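Notes follow once the structure below has been shown.
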Amino acid sequence: MPEFFMNPLLETTDIAKQLLGCVLSYTQNGKRRSGWIVETEAYLGEKDQAAHTYQAHQSKRVEALYAPAGTFYIHQMMQHTMINISTKENGNPEGVLIRAIQPIEGKDTMAKNRGNKPQLEWTNGPGKLTQALGVTMADYGTLATEGRLQISEEGRRQPLEIISGPRIGIPNKGKWTEAPLRFYIKGNPFVSRTAKKYHDLETYGWEE
């Protein structure tokens with residue numbers, strides 16, 4: 001488990017930034033697909049109008065968000081499967097959505113899973129990356145160090161610069177619509193919804 005998940009002094013926004021550069025991996029039938037996390041969004045639980053646990057909402061669907069930090073909360077939206085991870089102590093339902101990754105391993109399988117689209121379109125969005133990796137609802141509730149789906153600091157890279165801004169697709173939520181709770185690596189071409197003119201194809205936004 002990445003050490004920052006165990007630090008009670010860190011806020012969910014801190015963890016959302018700490019996740020950038022960590023490796024998200026999925027192993028299936030002995031084959032591993034992985035990528036560096038390049039974009040995240042923080043969801044601040046009971047007070048956050050955009051969170052699935054706003055006003056302490058509880059249901060079978062959101063149980064994993066109430067679990068201790070490092071538990072995967074997988075949900076579906078408009079037929080897309082999305083990966084979130086809990087960030088706080090048991091009973092405090094905050095979490096981070098993994099929005100995009102830069103592929104490392106298993107590129108042939110990712111290409112096939114994404115219908116042989118151009119590489120920059122394999123994992124540049126939360127539904128796209130789960131399709132590329134092969135993640136399903138069966139991975140709900142597993143820990144980041146167990147099971148097929150994992151997050152690791154091994155092989156971690158350091159961003160040159162982290163940008164923050166409003167989350168994507170959060171209309172009509174008052175101040176939470178514009179809250180700067182989306183974090184991404186400046187210049188990385190796998191970040192969702194970024195124009196090509198902002199892509200840094202030399203460094204991809206990473207330190208050497």
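Being a predicted model, the structure only gives us computed values, none of them experimental.
Between the side chains of Tyr26 and Asp139, at least one donor N or O lies within less than 3.5 Å of an accepting N or O. One side chain, Thr81 or Gln76, offers a donor N or O that lies under 3.5 Å from an acceptor on the other. A donor-acceptor contact closer than 3.5 angstrom is absent between the side chains of His80 and Thr130.
Between Phe5 and Leu10, every side-chain heavy-atom pair lies at or beyond the 4.5 Å cut-off.
Side-chain atoms of Thr12 never come within 3.5 Å of backbone atoms of Thr87 as a donor-acceptor pair (strictly under, hydrogens ignored). Looking only at distances, no side-chain donor or acceptor of Tyr184 sits under 3.5 Å from a matching main-chain atom of Leu20. Judged by distance alone, with hydrogens and angles left aside, the side-chain atoms of Thr40 form no donor-acceptor pair with the main-chain N or O of Val96 at under 3.5 Å.
The local environment of CZ in Arg61 is crowded, with over 12 non-hydrogen atoms from other residues, nucleotides or ligands closer than 6.0 Å. Counting heavy atoms of neighbouring residues, nucleotides and ligands inside a 6.0 Å radius, atom CD of Glu207 exceeds 12 of them.
Taking a 4.5 Å side-chain heavy-atom cut-off between Ile, Leu, Val, Met, Phe, Trp and Tyr, the cluster of Met78 extends to Tyr43, Met77, Met82, Leu97, Ile170.
Under the 4.5 Å side-chain heavy-atom criterion for ILVMFWY residues, a single connected hydrophobic cluster contains both Met137 and Phe72. The cluster map of Ile, Leu, Val, Met, Phe, Trp and Tyr, joined by side-chain heavy atoms under 4.5 Å apart, puts Leu65 and Leu143 in different clusters.
By the 4.0 Å N-to-carboxylate-O rule, Arg167 lies close enough to Asp48 to be salt-bridged with it. A salt bridge between Arg32 and Glu105 is present, with a side-chain N of the basic residue lying under 4.0 Å from a carboxylate O of the acidic one.
A cation-pi arrangement is absent between Arg114 and Trp122, since the terminal nitrogen or guanidinium carbon is not both under 6.0 Å from the aromatic centre and inside a 45° cone about the axis.
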Would Arg182 and Glu39 count as a salt bridge (charged side-chain N to carboxylate O under 4.0 Å, His left out) if you check the C-alpha gap in whole Å, the side-chain angles of each, and the deciding distance to 0.1 Å?
-> CA-CA 7 Å; Arg182 174 181 173 232; Glu39 181 183 3; 2.7 Å; yes
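Residues His52 and Tyr73 place their aromatic rings such that the two centres sit under 6.0 Å apart.
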